[in-house]
Amino acid sequence: MKKHKKGMSGAMSFIVLFGIVSLFSDMTHEGASSIRGAYLALLGASAGTIGFISGLGELIGYSMRYLFGKLADSTKKYWSLTILGYVLDIAAVPALALVGGDHGWVWACALLVVQRMGKAIKKPAKDTILSFAASQEGIGKSFAIQEVLDQIGAFLGPVLLYLVMLFKTEGTTFQIYSTCFGVLAIPGAITLVLLVATKRKFPNPETFEPSPKEYVPFKMKKEFIFYIGGISLFAFGFLDYSLVLMHISRTYADLARGLAETTSLVNSGTLPLLYAGAMLVDAVSALFFGLLYDKKGVKALGWATVLSAPFVVLVFASHSAVMMLLGVALWGVGMGAQESILKAAVTAMVPKNSRATGYGVFEFFFGLFWFLGSWLLGVLYDISIPAMILVSLAAQLGAIPLYLRSGAQHSVEKA
């Protein structure tokens with residue numbers, strides 16, 4: 001294989017360059033995520049509408065990935081689908097700056113759905129072409145590098161908007177938010193320029209991985225079924241950050257009245273930066289567990305789950321700001337470990353020529369159970385927080401035996 005300067009292989013160059021694309025992409029849409037809920041409320045959307053549209057957008061975004069995964073495998077138009085998805089995903093964010101008027105929230109909600117559709121189109125194709133290069137450089141390490149760069153962007157996006165809001169003191173709240181979405185057009189444009197440059201440099205990334213001698217259709221093998229069961233339980237029990245943030249924002253004032261030191265740790269000024277901090281923890285844990293996956297396989301998923309699952313207790317059952325912050329950090333550990341390892345495992349289990357379908361199946365079940373879990377756990381939050389904690393813990397820890405069965409079955413089938 002040809003070597004680039006400084007000994008970096010073509011496959012690793014592709015992984016890093018695509019990771020930089022992801023960095024600027026995450027700056028764009030994660031920056032938007034940090035203020036989107038407040039912006040929709042400002043435009044006139046009710047809390048119920050925001051929750052429904054957010055859940056619907058995620059459900060559409062994940063459920064459609066199976067169809068676009070099948071399309072990618074049948075057409076082999078990996079780059080075309082990736083670019084189309086990125087364009088929709090990126091363009092929908094700065095367009096939020098243009099909505100307004102009596103029904104501005106309707107257009108904003110429509111753009112949110114468009115953005116999720118863009119992610120549905122691009123994800124199976126993008127993950128598949130990355131898997132071709134990853135197969136040559138270590139699957140866990142390669143997806144970990146991607147996740148690290150992703151989360152650096154996820155950290156920088158909210159921080160960028162924090163600075164915009166800090167220095168833009170004139171105008172209405174709506175104008176300030178509109179300016180924020182407009183500023184996000186800059187990293188969005190950089191994303192698309194780098195994406196086109198990456199395609200020009202690596203027009204055929206599928207050549208990184210040797211093709212099988214004969215076509216192998218996608219099949220739900222036992223190892224993959226156990227794996228899908230495990231990731232579905234995890235997705236069901238792993239609380240969305242919006243619920244974590246809502247709980248902390250509701251309780252920090254009460255904590256401050258009970259604990260003198262709390263006011264300097266958790267207050268209205270630091271709440272927007274908690275997500276950015278969680279993204280940094282996400283990046284570090286992604287690299288660690290990605291490298292661990294290359295040595296231990298899906299066992300690394302079990303260890304990561306044991307480490308991160310207690311976050312729900314620390315965030316929702318503690319009466320200490322320090323414990324809350326530790327819980328948010330463990331939430332970041334879980335996100336980083338799962339994001340890097342989950343995709344790597346699909347690469348190891350599914351043949352090259354049907355891998356986009358495999359990614360589509362994985363994304364469909366993960367998104368479906370994330371949506372159902374978020375819905376049920378949100379309902380339980382209003383009824384009984386202890387019950388919510390128990391359900392969350394049981395679902396996350398219940399995934400571990402299925403991970404281990406999947407790993408054992410993979411060893412049997414590989415032998």
Side-chain angles (χ1 to χ4, degrees), residues 1-2 4 8-29 61-62 64-93 114-137 139 142-143 145-147 149-150 153 187-212 215-218 339 343-344 346-347 350-364:
M1 184 175 289
K2 292 182 180 180
H4 289 238
M8 185 179 288
S9 68
M12 183 53 70
S13 297
F14 176 73
I15 290 166
V16 172
L17 187 54
F18 218 140
I20 296 172
V21 172
S22 296
L23 186 156
F24 283 100
S25 173
D26 266 41
M27 277 189 70
T28 307
H29 57 72
Y62 277 100
M64 295 298 290
R65 293 179 194 191
Y66 171 71
L67 296 179
F68 287 109
K70 291 278 289 184
L71 181 62
D73 274 335
S74 62
T75 63
K76 306 301 179 187
K77 301 291 186 181
Y78 301 115
W79 270 124
S80 298
L81 290 169
T82 300
I83 292 173
L84 173 61
Y86 264 109
V87 169
L88 291 177
D89 182 15
I90 295 300
V93 172
V114 169
Q115 193 244 339
R116 290 297 187 267
M117 180 60 73
K119 294 188 75 171
I121 294 171
K122 79 178 183 183
K123 282 292 287 182
K126 173 193 171 183
D127 288 341
T128 300
I129 58 180
L130 280 171
S131 75
F132 298 149
S135 67
Q136 305 303 305
E137 296 293 334
I139 299 170
S142 300
F143 279 100
I145 290 171
Q146 277 287 306
E147 181 64 11
L149 291 169
D150 268 0
I190 295 173
T191 299
L192 298 180
V193 170
L194 288 176
L195 182 64
V196 172
T198 303
K199 180 184 182 299
R200 292 188 64 181
K201 186 173 180 62
F202 299 98
N204 301 298
E206 60 270 22
T207 59
F208 286 125
E209 181 179 353
S211 298
Y215 175 74
V216 182
F218 175 75
E339 283 288 326
K343 297 174 185 177
V346 175
T347 302
V350 183
K352 174 185 177 181
N353 50 23
S354 59
R355 194 170 295 151
T357 302
Y359 276 117
V361 172
F362 157 73
E363 298 278 8
F364 170 77

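Side chains included, hydrogens not; waters and symmetry mates left out as well; all remaining heavy atoms used. We count residues from 1, following the sequence as given.
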Can you find a pair of side-chain heavy atoms, one from F362 and one from P124, that are under 4.5 Å apart?
no
Would Y86 and K126 count as having a side-chain donor-acceptor pair, cut-off 3.5 Å?
yes
What pairs with F18 under ring pair (Phe, Tyr, Trp, His ring centres under 6.0 Å), at least two apart in sequence or on another chain?
F14, W79
Just verifying a value: how many Å separate L81 CG and K76 NZ, rounded to the nearest 0.5 Å?
12.0 Å
Side chains of S9 and Q136, donor plus acceptor under 3.5 Å
no
Taking side chain as C-beta onward, heavy atoms only, is K199 less than 4.5 Å from V196?
no
Scanning both residues in full, the closest heavy-atom pair of A134 with F143 reads CB-CE1, 4.0 Å
Quick check: do F68 and L71 have side-chain heavy atoms less than 4.5 Å from each other?
yes
Contact summary for A92 and Q115, nearest pair of heavy atoms
CB-CB, 3.8 Å
side-chain contact (heavy atoms from CB on, under 4.5 Å) between V114 and M117: does it pass, once the steps are laid out?
CA-CA 5 Å; V114 169; M117 180 60 73; 5.5 Å; no
Where do I15 and A133 come nearest, in terms of heavy atoms and distance?
CG1-CB, 3.8 Å
When you look at I145 and M12, which way does the side-chain contact (heavy atoms from CB on, under 4.5 Å) test go after all the steps?
CA-CA 10 Å; I145 290 171; M12 183 53 70; 3.9 Å; yes
Value rounded to 0.5 Å, distance of CD1 in I83 from NZ in K122
12.5 Å
Drop me the distance from I129's CD1 to F202's CZ, to the nearest 0.5 angstrom.
11.5 Å
Distance from S22 atom OG to L17 atom CG, nearest 0.5 Å?
10.0 Å
Just by modelled atom types, is the K77 backbone N or O under 3.5 Å from a matching donor or acceptor in the S80 side chain?
no
Interatomic distance, T191 atom OG1 to D26 atom CG [nearest 0.5 angstrom]
9.0 Å
Do you know which two heavy atoms are closest between L195 and V21, and how far apart they sit?
N-CG2, 3.9 Å
Which of these, T128, T347, D73, D127, sits in a side-chain hydrogen bond (donor to acceptor under 3.5 Å, both in side chains) with Y359?
T347
Should the pair Y78 and F132 be assigned to parallel (<30°), tilted (30 to 60°) or perpendicular (>60°) ring geometry?
perpendicular
If I take atom OG1 from residue T357 and atom CG from residue L67, how far apart are they, to the nearest 0.5 angstrom?
10.5 Å
To check you understand the geometry: which heavy-atom pair defines the closest contact between A125 and T82, and what is its length?
CB-OG1, 3.5 Å
Under the side-chain contact (heavy atoms from CB on, under 4.5 Å) criterion, do K119 and H29 qualify, and how do the steps go?
CA-CA 11 Å; K119 294 188 75 171; H29 57 72; 4.2 Å; yes
Residues two or more places apart in sequence or in another chain: which of them pass salt bridge (charged side-chain N to carboxylate O under 4.0 Å, His left out) with D150?
none
Could you pull out the closest heavy-atom pair between G19 and Q146, with the gap in Å?
N-NE2, 2.8 Å
